[in-house]
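Note that the coordinates shown come from a computational prediction; the quantities given were computed from them, not determined experimentally.
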Protein chains: 2
Amino acid sequence: MLPTPRAERFPVNTPAASQIFTTVLSQGPLTRLEVARRAGLSAAAVTKAVRPLIEAGYLVEDADAQAPPALGRPANLVRVDGGRALFVGIKVTGDEIIGVLTDLCCRISVARHTALTSRDLTAVLAAVADVVQELRIEADGFGAPVLGVGIAVSGDVDRGEGTVRYSPFLEWHDVPLAELAGITTGLPVTVDNDVRALTVAEQWFGAGAGLSDFAVVTVGAGIGCGLVVHGRVVAGAHGVAGEIGHVTVDPSGPRCHCGNRGCVEAIAADAAILRRIREATGVEVADTTEAVRLAHSGVAAAREAYARAGEAIGRGIATVANLLGPERVIISGEGLAAYDLFAEQIRDAFTAAAFGSAARCDVQTRPLTFEEWARGAAATAIQSFIRADT
Amino acid sequence: MLPTPRAERFPVNTPAASQIFTTVLSQGPLTRLEVARRAGLSAAAVTKAVRPLIEAGYLVEDADAQAPPALGRPANLVRVDGGRALFVGIKVTGDEIIGVLTDLCCRISVARHTALTSRDLTAVLAAVADVVQELRIEADGFGAPVLGVGIAVSGDVDRGEGTVRYSPFLEWHDVPLAELAGITTGLPVTVDNDVRALTVAEQWFGAGAGLSDFAVVTVGAGIGCGLVVHGRVVAGAHGVAGEIGHVTVDPSGPRCHCGNRGCVEAIAADAAILRRIREATGVEVADTTEAVRLAHSGVAAAREAYARAGEAIGRGIATVANLLGPERVIISGEGLAAYDLFAEQIRDAFTAAAFGSAARCDVQTRPLTFEEWARGAAATAIQSFIRADT
DNA sequence: ACTGTTCTTTTCCGACGTCAATAAAAGAAG
DNA sequence: CTTCTTTTATTGACGTCGGAAAAGAACAGT
């Protein structure tokens with residue numbers, strides 16, 4: 001977001017034009033008329049907005065257009081030329097930095113993992129700069145410029161300011177990360193919360209494309225949730241939003257690190273599942289892979305732990321659906337590796353707890369590799385580049 | 001919303017102008033410069049938008065401006081002339097119709113209650129027409145035209161279409177109420193869900209003025225919730241939203257009419273409190289007035305029922321705060337008559353269950369008479385008249 | 001009276017998007 | 001093969017909206 005020297009700028013500033021570009025970006029190849037309809041504009045406006053974008057190389061006409069049973073003049077499909085520009089997305093965790101290089105359509109071409117030896121700001125900054133530098137070298141092979149960097153951090157992040165207000169994992173307070181990383185990398189940097197970044201990726205390049213109200217629920221080490229309401233990601237007045245992990249599902253349940261009992265996260269997060277298996281069997285379980293294996297081999301305690309987790313998640317999703325009435329909920333995260341172990345419970349608990357037609361909400365799952373978190377960061381960088389506030 | 005013959009129209013159509021008017025309407029008398037700041041526009045735009053509105057009589061310059069310690073040219077305050085136009089708000093319940101006459105600033109001048117003998121559509125329509133007619137006669141005394149009617153109905157209402165999709169109390173399905181009532185009254189009619197209407201009233205004329213993210217929680221016969229996110233009332237993709245009443249707070253709690261156990265509504269709604277007192281004491285309690293009396297006179301079972309209700313409400317509010325991070329939550333409804341009986345529990349449960357800085361959310365209470373529901377309906381009519389989609 | 005300060009208005013101008021008309025590109029009909 | 005119909009894309013004129021900048025207005029000190 002910072003003014004970085006000689007950075008290439010998107011050749012469009014009007015709200016309508018950036019909305020048109022966004023529509024093409026997220027809703028695949030479209031005819032100009034169809035773009036006009038979906039963006040609520042006239043066909044003329046689309047024609048006028050599209051031309052400079054084609055000239056600048058961001059849009060192309062799809063020559064090999066599939067011709068649906070057409071009457072009248074055949075339509076010319078317009079799509080984004082993903083290869084026109086590249087972006088870097090970075091996910092910072094407590095002990096690792098994951099970087100990806102994506103094109104303008106947020107397709108990953110290269111990924112890099114780097115272990116983090118220290119959580120000091122300077123160490124993280126250096127590691128980030130290293131990863132960005134490596135990916136820029138890779139980028140040379142693609143013949144397109146890298147136009148921005150997105151960094152995703154868990155915790156309380158002010159994207160507008162580009163600061164990390166508080167990160168429990170990194171133990172940072174009020175770090176102006178966008179500015180600092182902008183200096184070390186020489187590129188425009190966008191910083192956002194990791195779950196919100198993932199939500200942006202779904203909104204523009206995933207299962208949320210074209211929807212104005214949906215939710216993303218991540219299952220894994222923690223239980224997170226990104227919300228899109230009225231077409232915009234919810235940020236929360238005080239930096240807190242989407243804390244589905246701390247919705248109470250059982251006041252007499254296990255204690256959560258937040259101090260309450262029976263939070264979704266205290267039942268369905270990886271550590272909670274491992275703990276429950278240990279408490280039931282007395283056997284220490286190393287990691288989730290092991291836990292999944294146990295469950296699949298029929299160990300009752302493991303199966304039961306996953307069933308309870310599924311029920312908690314389903315209830316949490318129902319709570320979101322009851323309050324916001326989203327069109328769709330996308331369940332994602334590393335925890336989905338065990339999806340078959342709790343899919344049924346999620347669905348049953350959701351259906352039972354959803355009120356009235358909130359149950360008509362479409363609940364989907366989407367597998368998630370760890371690089372997807374970094375891809376979310378890239379999505380925020382793309383969003384900032386286009387500077388669409390939608 | 002229907003095109004009604006010779007209805008007076010608001011002399012403004014541009015988004016900026018209606019936003020300017022809305023800002024003045026909801027944020028009291030303001031200087032033009034201050035309006036510009038809050039609306040994110042230039043001072044010139046405000047001057048240009050304000051003039052025709054003053055000429056049409058909707059705005060006036062406040063002559064008796066309080067002059068704060070001023071340096072430089074004194075500011076001219078602009079405010080809405082409430083007396084310029086009148087609106088009718090109607091709340092339809094299962095057995096009563098409440099109508100109010102308000103001015104443009106949504107201040108009630110007259111109220112009318114009419115018992116409903118039948119829930120048939122024709123009977124309700126006739127009663128609505130009667131109430132509107134009576135209020136229009138009253139309106140003659142104020143020398144201002146009645147410019148619209150708002151009707152609030154509980155259930156699934158499509159405000160855009162002006163239809164009641166489903167109302168459990170009235171047993172209506174897909175009734176085009178706005179159109180029908182428009183014919184019988186000869187005025188433009190807006191139909192909306194009752195809780196959302198109340199939320200609009202708070203957003204424009206109440207404790208939500210100027211906020212872009214807040215929630216209204218109503219406590220009484222049911223537990224409802226209206227949400228404003230990104231400056232707009234949440235309607236829900238399937239007509240369901242804000243169902244805080246069916247957030248589960250205790251999976252082993254009392255059964256709720258929705259089929260689940262331990263919903264907020266199953267613990268904190270009027271009937272739930274009465275039932276709990278009856279089950280604990282064996283004494284049949286007639287109504288909430290009686291229940292409050294018992295609690296005030298020290299009957300332990302009654303006090304405990306209210307305490308539990310407060311805890312459930314506080315947890316429900318915390319759930320909203322954790323998911324959406326609103327700036328403020330406004331607790332309202334007839335149930336507040338017993339506020340002193342559960343205020344402490346609401347606050348404690350909220351503080352305990354709110355995650356991190358979500359607890360910084362400002363929780364307020366606002367007493368609510370039954371006419372306020374009708375006032376909410378009037379607010380939707382005013383909103384439609386100005387046709388601001390904000 | 002003059003200056004400084006702040007609010008308000010005016011004038012000018014560029015930009016944006018719609019309207020309506022026109023061109024383009026097919027298949028269908030004769 | 002020509003002409004018509006249908007649908008999509010483009011063009012240019014036009015009106016409008018809102019911003020920038022400058023001028024004006026209204027007061028308090030000095």
Side-chain angles (χ1 to χ4, degrees), chain A residues 9-24 27-55 59-79 386-390, chain B residues 10-24 27-55 59-79 387-390:
Chain A
R9 305 280 288 174
F10 195 61
V12 136
N13 37 11
T14 107
S18 90
Q19 194 198 350
I20 286 170
F21 187 78
T22 306
T23 304
V24 177
Q27 318 209 17
L30 291 173
T31 78
R32 289 172 172 78
L33 218 53
E34 189 55 33
V35 174
R37 265 191 288 272
R38 302 203 189 183
L41 295 167
S42 71
V46 175
T47 293
K48 284 182 227 185
V50 161
R51 194 184 353 257
L53 287 169
I54 287 184
E55 281 166 8
L59 293 179
V60 290
E61 286 209 333
D62 227 339
D64 48 320
Q66 79 288 23
L71 185 64
R73 171 175 174 174
N76 289 347
L77 294 185
V78 175
R79 65 173 173 81
I386 301 170
R387 98 190 101 285
D389 301 320
T390 321
Chain B
F10 194 59
V12 137
N13 36 11
T14 108
S18 91
Q19 196 199 350
I20 287 170
F21 186 76
T22 306
T23 304
V24 177
Q27 318 208 17
L30 291 173
T31 78
R32 289 173 172 78
L33 215 54
E34 189 55 33
V35 173
R37 264 191 290 270
R38 303 201 189 185
L41 296 166
S42 72
V46 175
T47 293
K48 281 186 263 195
V50 160
R51 196 187 348 256
L53 287 168
I54 287 184
E55 280 166 8
L59 293 179
V60 290
E61 287 208 334
D62 227 339
D64 47 320
Q66 80 287 22
L71 184 64
R73 170 174 173 173
N76 288 347
L77 293 185
V78 175
R79 65 174 173 81
R387 96 188 114 286
D389 301 320
T390 321

[X] and [Y]: which non-hydrogen atoms are nearest, and at how many Å?
X: L41(A); Y: Q19(A); value: CD1-OE1, 4.4 Å
X: S18(B); Y: V12(B); value: N-CG1, 3.8 Å
X: I20(B); Y: A45(B); value: CD1-O, 4.0 Å

Please report the distance, rounded to the nearest Å, between [atom1] in [X] and [atom2] in [N].
X: Q19(B); N: dC17(D); atom1: CD; atom2: C1'; answer: 14 Å
X: R32(B); N: dT6(C); atom1: CZ; atom2: P; answer: 19 Å
X: E61(A); N: dA24(C); atom1: CD; atom2: P; answer: 15 Å
X: I20(A); N: dA9(D); atom1: CD1; atom2: P; answer: 13 Å
X: L33(B); N: dG24(D); atom1: CG; atom2: P; answer: 19 Å
X: E34(A); N: dT7(D); atom1: CD; atom2: P; answer: 14 Å
X: R51(A); N: dT10(D); atom1: CZ; atom2: P; answer: 7 Å

- How long is the gap from OG1 on T31(A) to CD on E61(A), to the nearest 0.5 Å?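 So the gap between those two atoms works out to 11.0 Å.
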- Query: Taking atom CZ of R387(B) and atom CZ of F10(B), what is their separation to the nearest 0.5 Å?
  - Reply: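 So the gap between those two atoms works out to 8.0 Å.
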- Test V78(A) against V35(A) for side chain to side chain contact (heavy atoms under 4.5 Å, CB included), laying out the working first. CA-CA 9 Å; V78(A) 175; V35(A) 174; 5.8 Å; no
- Item | Summary of side chain to side chain donor-acceptor pair (under 3.5 Å) pairs that have at least one residue in residues 41-54 of chain B, sequence neighbours excluded |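 Side chain to side chain donor-acceptor pair (under 3.5 Å) check on residues 41-54 of chain B returns no pairs.
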- Message: Does anything in residues 35-47 of chain A come within less than 4.0 Å of DNA chain C? Heavy atoms only, and list the residues if so.
- Response: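 DNA chain C contact set from residues 35-47 of chain A: L41(A), S42(A), A44(A), A45(A).
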- Note on the structure: Nucleotide by nucleotide, nucleotides 25-30 of chain D touches protein heavy atoms under 4.0 Å in the pattern (B base, S sugar-phosphate only, - none) BBS---
- Where do F21(A) and I386(A) land on the side chain to side chain contact (heavy atoms under 4.5 Å, CB included) test, with the steps shown first? CA-CA 8 Å; F21(A) 187 78; I386(A) 301 170; 3.3 Å; yes
- Is the base of dT8(C) touched by the side chain of K48(B) through a donor-acceptor pair closer than 3.5 angstrom?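 A donor-acceptor contact between them is absent.
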- Item | Single hit among L77(A), V60(A), V24(A), N76(A) for side chain to side chain contact (heavy atoms under 4.5 Å, CB included) with P29(A) |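 Of the listed options, the one satisfying the test is L77(A).
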- Respond yes when some side-chain nitrogen or oxygen of T14(A) is under 4.0 Å from OP1 or OP2 of dG17(C), and no when none is.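 So the side chain of T14(A) is within the cut-off, an N or O lying under 4.0 Å from OP1 or OP2 of dG17(C).
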